[in-house]
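Because the structure is predicted, anything quoted here is derived from the model rather than measured. Just the heavy atoms: all of them, side chains too, but no hydrogens, waters or symmetry mates, feed the values below. Labels below follow one simple rule: chain letters A, B, ... track the order of the sequence lines, proteins then strands, and each chain is numbered from 1.
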2 protein chains.
Amino acid sequence: MNLKELSDSLGLSQTTVSRALNGYPEVAEATRIRVAQAAAAANYRPNARARGLATGRSMAVGHVIPISTHHEMVNPIFSDFIAGASEVYLDRGYDMVISAVPDEREEEAYRALLSKGSVDGVIVHAPRSLDPRIALLREIGLPFVVHGRSTNEPGPYNWVDVNNRSAFLRATEFLMDLGHRRIGLINGLLAMDFAARRHQGYVEALHSRGIAADETLIHTSEMTEAQGYAAAKQMLALPAPPTAFLGASIISAFGIRRAIEDSGLVLGRDVSVITFDDDLSYLRDASDVPTFTATRSSVREAGRICADRLMSIIADPAQPPVEHLLEAALTVGRSTGPAPRGTTQQMG
Amino acid sequence: MNLKELSDSLGLSQTTVSRALNGYPEVAEATRIRVAQAAAAANYRPNARARGLATGRSMAVGHVIPISTHHEMVNPIFSDFIAGASEVYLDRGYDMVISAVPDEREEEAYRALLSKGSVDGVIVHAPRSLDPRIALLREIGLPFVVHGRSTNEPGPYNWVDVNNRSAFLRATEFLMDLGHRRIGLINGLLAMDFAARRHQGYVEALHSRGIAADETLIHTSEMTEAQGYAAAKQMLALPAPPTAFLGASIISAFGIRRAIEDSGLVLGRDVSVITFDDDLSYLRDASDVPTFTATRSSVREAGRICADRLMSIIADPAQPPVEHLLEAALTVGRSTGPAPRGTTQQMG
DNA sequence: TTGAAAGCGCTACCAA
DNA sequence: TTGGTAGCGCTTTCAA
């Protein structure tokens with residue numbers, strides 16, 4: 001069923017039917033109702049390509065995911081983000097186009113998305129410290145919102161980020177409040193902006209209590225199970241091993257747990273672990289289990305906000321960039337049910 | 001840069017330029033080269049919407065993900081599948097459109113995808129025993145490939161599936177070979193086809209050794225950490241607790257591990273665990289750690305195969321349905337590096 | 001308040 | 001081997 005068939009069946013012109021369906025004010029109310037009913041009955045939906053050709057907009061948003069490093073796709077976090085963004089797209093009638101491409105074909109992917117006209121804008125994932133994608137997108141004039149930040153990027157741009165610095169600062173303080181003084185940090189690659197900020201928060205917290213950061217207790221690498229295991233194992237073998245770990249991701253945290261077990265220690269009794277990007281944490285000294293809900297709920301919220309922001313930019317590209325910093329929620333108590341929806345919840 | 005501008009700059013007609021770019025044989029070789037160079041220099045790419053309007057094909061594939069139950073998006077497996085499919089799409093110039101929709105809006109999503117004309121075909125994820133989506137897609141004539149199988153579906157259809165029955169059969173046998181007789185099965189919901197097949201393989205293996213399946217050692221639920229924990233905890237409290245677990249997913253396996261620890265037992269010493277959809281397993285009696293690579297590599301492979309198959313169907317919808325059963329690889333030895341690419345590797 | 005008609009950028013048919 | 005041209009299905013002036 002297309003516009004012509006629909007308008008013919010109604011004895012109206014395509015123009016009028018199109019106007020009625022798109023909410024133009026000049027259509028008589030009676031006509032509009034008649035058209036709407038006929039369209040619903042015929043299960044009519046305008047062809048997206050034809051409409052796109054006519055309007056110059058594609059009603060689709062692109063997400064380019066670098067896959068060679070396995071940073072993103074393997075990361076459950078990404079799923080949450082996508083789920084949040086999808087909610088918004090679904091509401092607004094937008095499609096989500098995902099290009100999973102090898103790192104070296106990333107630029108090509110963005111250019112293709114633009115020149116093929118398949119999307120009206122993109123979300124940039126996992127920005128690095130000075131991310132070339134931002135310059136590229138500005139240059140080619142494709143609207144974009146960054147999930148995360150690119151610290152050394154000189155110009156203004158739209159971003160939505162979780163406050164990784166404060167999250168790790170608070171988590172470190174929390175552990176210190178429990179008496180821990182030697183806290184191992186199993187972090188992601190410092191080239192990733194979020195990892196650098198986490199490192200910063202951790203160090204700040206230590207300094208605020210007059211504790212010097214011990215390099216042997218800081219590890220940065222890809223956030224894999226194997227890396228988490230190796231790093232934790234090595235730290236536990238130190239003359240003065242850590243009594244607690246701060247894990248950057250659920251994946252590496254599983255490696256940390258394995259290292260603790262392998263070392264003959266008992267998780268939550270001999271060694272405490274707080275994991276970020278996770279719903280579970282293990283502490284030996286707390287009556288209950290504190291949980292960073294940042295990534296099971298805040299990341300989903302971040303997806304919603306990014307999508308919403310991008311669609312606003314697409315509608316009006318002239319507006320000034322907006323920066324949106326979300327506070328991660330560190331709650332006490334194991335969370336087993338659905339993650340809370342708010343993002344402003346603070347640690348007690 | 002569009003076709004008209006490009007052809008004008010070359011002093012050729014749009015027709016000739018289009019033909020040259022699309023590999024039609026009647027174009028003079030000299031012309032083709034000249035056109036190709038100009039196109040590359042201008043960074044020209046045909047507008048996907050215009051081309052789609054003209055050809056009737058959208059050069060895009062849809063993936064509809066049900067999100068309300070958190071079956072898929074939360075599942076790291078899904079990421080691997082997408083990564084595999086993406087490789088194929090990228091090669092063939094196809095876009096991947098992902099609709100994450102609440103269960104109840106699933107049918108609407110498929111219909112919209114078709115009538116809006118945004119995709120040429122879809123991949124169906126996580127089929128149930130008699131999945132209504134198959135009938136729907138057949139009815140509306142949208143080409144599709146199912147990742148998994150729908151057991152009670154009467155008609156033929158294209159599917160690509162991992163042999164879940166044999167995987168669980170082999171894993172159960174493996175545990176029995178090590179001397180285990182009480183093996184807990186922490187499974188997904190039986191309404192999900194893959195879970196039913198896993199259950200079947202488990203029971204078959206027990207029967208082949210003359211062991212009756214013990215209902216108290218079989219648990220089915222959503223594959224969450226909390227469910228895995230609760231189920232394992234309960235089983236470990238039985239008068240005759242299991243000495244090994246078979247976990248259906250990496251997520252629930254983490255719950256199983258926690259239950260073991262909580263019960264004062266040591267994983268790999270007191271209780272063994274084999275996890276599916278995972279790269280890690282913990283056995284007390286094996287010299288090394290056996291690993292089901294099914295989901296970190298085979299699932300990616302399945303993504304590739306599904307995508308390839310779908311694009312073949314789109315090109316020629318008349319061809320008979322193909323059924324593709326992948327054997328899951330159960331390997332011995334911890335896998336820490338990149339997952340192997342093949343899918344036919346068998347357990348020793 | 002409604003309709004006719006001109007595109008949007010491309011492909012594909014029919015001529016030359 | 002090349003070009004003219006008629007759509008593909010929709011939106012959007014411009015007229016009526």
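Base engagement by A:R19 is indicated by at least one non-hydrogen atom pair under 4.0 Å involving a base atom.
The base of D:dG4 has none of its N or O atoms less than 3.5 Å from a complementary donor or acceptor on the side chain of B:S13. Side-chain atoms of B:T55 and base atoms of C:dA12 include no donor and acceptor less than 3.5 Å apart.
The nucleotide whose nearest atom lies closest to any side-chain atom of A:T15 is, among D:dT5, D:dC10, D:dT12, D:dT12. Considering only side-chain atoms of B:A28, the nucleotide from D:dT1, C:dT1, D:dG7 that sits closest is D:dT1. Listed nucleotides D:dG3, C:dC10, D:dC10 differ in distance to B:T16; the shortest reach to its side chain belongs to D:dG3. Considering only the side chain of B:L3, C:dT11 comes nearest among D:dG9, C:dT11, D:dT1. For A:A54, whose side chain is taken as the heavy atoms from C-beta onward, the closest listed nucleotide among D:dT2, C:dC10, D:dG9 is D:dG9.
The side chain of A:R51 contributes an N or O atom lying less than 4.0 Å from OP1 or OP2 of D:dT11. Under 4.0 angstrom from either OP1 or OP2 of D:dT2 there lies at least one side-chain N or O belonging to B:T31. Contact annotation: A:N22 side-chain N/O to D:dT11 OP1/OP2 distance is under 4.0 Å. Note on B:Y24: a side-chain N or O is less than 4.0 Å away from OP1 or OP2 of C:dA12. Taking side-chain N and O atoms only, B:S18 has no distance below 4.0 Å to OP1 or OP2 of C:dA12. Note on A:Y44: a side-chain N or O is less than 4.0 Å away from OP1 or OP2 of D:dC10.
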